[in-house]
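For reference, the structure discussed in these notes is given below.
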Amino acid sequence: VGGVSNADSHEVAIVGGGISGLSIAWHLAARIDGGICVYDGAGIGSGATAIQPGGVRQQWATRLTSAMSREAYSFYSDVDALLEPAVSPGLTACGYLFVAEDEQELRELADRVAMHNELGIPSRMLDADQAAAIVPGLDPSPILGGSWCDQDGYFDRPQAVVAGFAASCERRGVGFETTDVTRLERDGDGWRLTLAGGAHRHASCVVLAASHRGLELLQPLAVELPIGSEARYLFYSDPIRERLLEPLVVIPKRHFAAKQLADGSVLASDLDAVGDPRADKSGWHTHIRESITEFVPVLEYVSFPVMVEGFYDVTPDHQPVLGPIDGQDGLWIAAGMNGRGFMLAPVIGRMIADGIAMRTFDATLTRLRPSRFAENDLVPEQQVV
Ligand SMILES: Cc1cc2nc3c(=O)[nH]c(=O)nc-3n(C[C@H](O)[C@H](O)[C@H](O)COP(=O)(O)OP(=O)(O)OC[C@H]3O[C@@H](n4cnc5c(N)ncnc54)[C@H](O)[C@@H]3O)c2cc1C
């Protein structure tokens with residue numbers, strides 16, 4: 001990649017201005033001399049990126065995801081210096097506790113902690129009383145213990161990260177157009193993009209960072225990838241002045257997680273909430289209420305009047321799809337974030353930018369290549385929330 005570009009012709013066109021597209025653009029702009037444009041029909045950061053509450057963790061089941069999250073955590077620890085955002089996003093290391101209710105869960109978590117520690121991730125195992133000491137409000141009686149990482153945390157202002165990436169991209173000369181890309185076709189040794197208004201652009205390289213919606217552009221090219229879309233719901237209380245639950249507590253077997261955010265509101269998730277929100281919402285509330293009563297009774301009198309719906313872009317192995325698409329020279333994808341695209345954006349941006357600008361293929365990028373599904377070479381991640 002290299003050379004001149006003008007408003008109608010780019011070196012790299014990025015379709016999708018969520019956190020993935022922005023991070024890719026930001027990393028690319030440090031590697032190539034101009035010619036990068038981000039297209040988003042709904043505006044910057046308007047997809048799942050607008051919904052996510054800013055959770056950043058390093059505790060995962062696979063070495064691959066843990067190593068990615070370690071690199072991303074290092075970026076985010078230095079986010080003020082790297083992005084110079086107008087408002088500091090404030091990464092608060094509140095800690096994440098994954099609770100084990102039985103011996104098998106405890107053993108699995110312990111194996112993962114050993115793997116994390118090899119990677120430099122400071123997670124550790126806690127027995128039930130230690131967990132309750134670290135997480136006031138947790139009832140130790142129904143649990144055996146859990147894994148804990150005190151570096152895991154939440155951004156107090158996650159949208160300040162998104163705005164920080166966008167503004168820093170602009171300062172680096174990245175262009176933005178608020179329009180959908182409706183069609184992609186081969187055009188010489190590059191790609192022709194058709195925009196929603198009918199105009200065309202040319203790009204030597206295109207990156208689809210458009211979540212599951214990128215499939216609409218791949219279908220006419222006869223490229224099939226198993227990226228689906230699943231609804232997820234977050235339940236929020238009104239802000240509460242008293243601090244009740246600082247760490248994030250995840251009870252995996254109950255598909256339940258809860259945490260009090262920086263503004264005082266308590267966030268609770270029924271991670272298994274599937275169905276029609278109008279018909280099933282009260283059942284999801286009941287599930288949350290039962291989990292609270294059993295595990296975190298400190299939240300017993302908190303109500304959750306606000307429900308927010310968003311979508312995970314999901315894949316069969318719960319891992320992102322990253323890299324060049326076979327048989328489509330110069331067409332790349334970064335999608336299928338499976339609920340962790342915000343926290344992994346720095347490393348995904350770095351890997352894709354290295355691949356495009358320097359032809360340097362990180363081993364992780366190769367592992368998460370789009371062709372792994374057809375080759376049945378999956379790399380399943382189990383510690384999904
Ligand atoms: C309820 C919920 C909670 C979450 N919590 C967390 C969390 O705590 N931590 C975390 O790391 N992640 C979390 N996530 C996941 C995270 O939000 C996503 O993985 C991440 O935002 C994905 O970013 P993205 O840029 O890949 O996709 P998106 O943010 O969805 O962006 C894709 C963009 O592409 C644009 N687009 C699509 N098609 C076209 C087209 N044809 N032309 C132009 N533009 C197009 C869309 O308008 C959109 O803006 C959560 C998600 C949900 C739903």
Side-chain angles (χ1 to χ4, degrees), residues 13-26 37-58 60 65 68-69 72-73 76 91 94 96 152-155 158-159 161-162 165-166 176-184 193-197 201 206-220 227 229-236 248 250 257 259 261 267-271 273 307-315 318-322 333-349 352 384-385:
I14 298 170
V15 183
I19 193 82
S20 304
L22 292 174
S23 177
I24 292 164
W26 188 84
C37 189
V38 177
Y39 289 88
D40 197 310
I44 295 303
S46 54
T49 298
I51 304 288
Q52 54 75 30
V56 172
R57 66 165 153 130
Q58 298 174 67
W60 295 94
T65 322
M68 287 172 86
S69 65
Y73 173 78
Y76 276 145
L91 178 57
C94 56
Y96 273 37
D152 291 348
Y154 267 72
F155 274 104
Q159 294 309 320
V161 176
V162 183
F165 263 120
F176 290 93
E177 279 205 55
T178 307
T179 173
D180 268 337
V181 174
T182 56
R183 195 169 175 84
L184 282 179
L193 292 78
T194 303
L195 308 183
R201 301 284 185 271
V206 174
V207 185
L208 288 179
S211 184
H212 61 279
R213 286 186 51 208
L215 298 184
E216 295 160 20
L217 295 170
L218 290 176
Q219 206 180 16
I227 304 173
S229 159
E230 281 180 7
R232 286 287 190 286
Y233 303 93
L234 298 175
F235 298 83
Y236 289 93
L248 178 88
V250 187
K259 139 145 206 72
L261 299 175
L267 165 66
S269 329
D270 174 351
L271 306 167
M307 187 184 84
V308 174
E309 182 183 42
F311 291 86
Y312 277 15
D313 47 341
V314 293
T315 58
H318 302 291
Q319 295 282 14
V321 186
L322 305 175
I333 188 162
M337 299 305 165
N338 286 277
R340 75 192 86 120
F342 176 78
M343 65 181 93
L344 294 186
V347 59
I348 286 172
I352 298 275
V384 287
V385 168

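Every number for a ligand or one of its atoms is a count from 1 in the order of the listing.
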List the closest protein heavy-atom neighbour of [atom]: residue, atom name, distance to the nearest 0.1 Å.
atom	result
atom 37 (C) of ligand 1	Arg213 NH1, 3.2 Å
atom 31 (O) of ligand 1	Gly18 CA, 3.6 Å
atom 23 (O) of ligand 1	Thr49 OG1, 3.3 Å
atom 34 (O) of ligand 1	Gly16 CA, 3.3 Å
atom 52 (C) of ligand 1	Tyr312 CE1, 3.5 Å
atom 19 (O) of ligand 1	Gly341 N, 2.9 Å
atom 43 (C) of ligand 1	Asp180 OD1, 3.3 Å
atom 9 (N) of ligand 1	Gly55 O, 2.9 Å

[X] to [Y] - nearest heavy-atom pair and separation:
X	Y	value
Val38	Gly17	CG1-CA, 3.7 Å
Arg232	Leu271	NE-O, 4.3 Å
Ser46	Gly43	OG-O, 2.7 Å
Gly18	Asp40	N-OD2, 4.0 Å
Leu261	Tyr236	CD1-CE2, 3.5 Å
Leu193	Ala13	CD2-CB, 3.8 Å

Counting heavy atoms only, which part of [X] comes closer than 4.0 Å to ligand 1: side chain, backbone, both or neither?
X	value
Ala209	backbone
Phe342	both
Tyr233	neither

Measuring from atom [atom1] of [X] to atom [atom2] of [Y], what distance do you get when rounded to the nearest 0.5 angstrom?
X	Y	atom1	atom2	result
Asn338	Ile227	CG	CD1	9.0 Å
Ile14	Ile352	CD1	CD1	9.5 Å
Asp152	Ser69	CG	OG	8.0 Å

Check: [X] N/O within less than 3.5 Å of ligand 1 N/O:
X	value
Gly339	yes
Ile19	yes
Ala48	yes

Which ligand 1 atoms does [X] reach within 4.0 Å, using its non-hydrogen atoms?
X	value
Gly310	53 (C)
Ser46	47 (O), 49 (O)
Val15	40 (C), 42 (N), 43 (C)

Closest candidate by heavy atom, reference [atom], pool [options]:
atom	options	answer
atom 25 (O) of ligand 1	Pro53, Ala13, Ser20	Ser20
atom 48 (C) of ligand 1	Thr178, Asp40, Leu22, Val56	Asp40
atom 41 (N) of ligand 1	Leu271, Val181, Ile44	Val181
atom 11 (O) of ligand 1	Lys259, Glu230, Met343	Met343

query = Hey, are the side chains of Leu344 and Met337 touching, using non-hydrogen atoms and a 4.5 Å cut-off?
reply = no
query = Can you check whether Leu184 reaches Leu208 side chain to side chain, under 4.5 Å on heavy atoms?
reply = yes
For a quick test of your reading: what N or O donor-acceptor pairs under 3.5 Å do the side chains of residues 48-57 make, sequence neighbours left out?
{"unit_1": "Thr49", "atom_1": "OG1", "unit_2": "Ile19", "atom_2": "N", "d": "3.0"}
{"unit_1": "Gln52", "atom_1": "OE1", "unit_2": "Gly54", "atom_2": "N", "d": "2.7"}
{"unit_1": "Gln52", "atom_1": "NE2", "unit_2": "Thr49", "atom_2": "O", "d": "3.0"}
{"unit_1": "Arg57", "atom_1": "NH1", "unit_2": "Gln59", "atom_2": "O", "d": "2.7"}
{"unit_1": "Arg57", "atom_1": "NH1", "unit_2": "Gln383", "atom_2": "O", "d": "3.0"}
{"unit_1": "Arg57", "atom_1": "NH2", "unit_2": "Gln383", "atom_2": "O", "d": "2.9"}

task = Check the angle between the aromatic planes of Trp26 and Phe165 and answer parallel, tilted or perpendicular using the 30° and 60° thresholds.
result = perpendicular
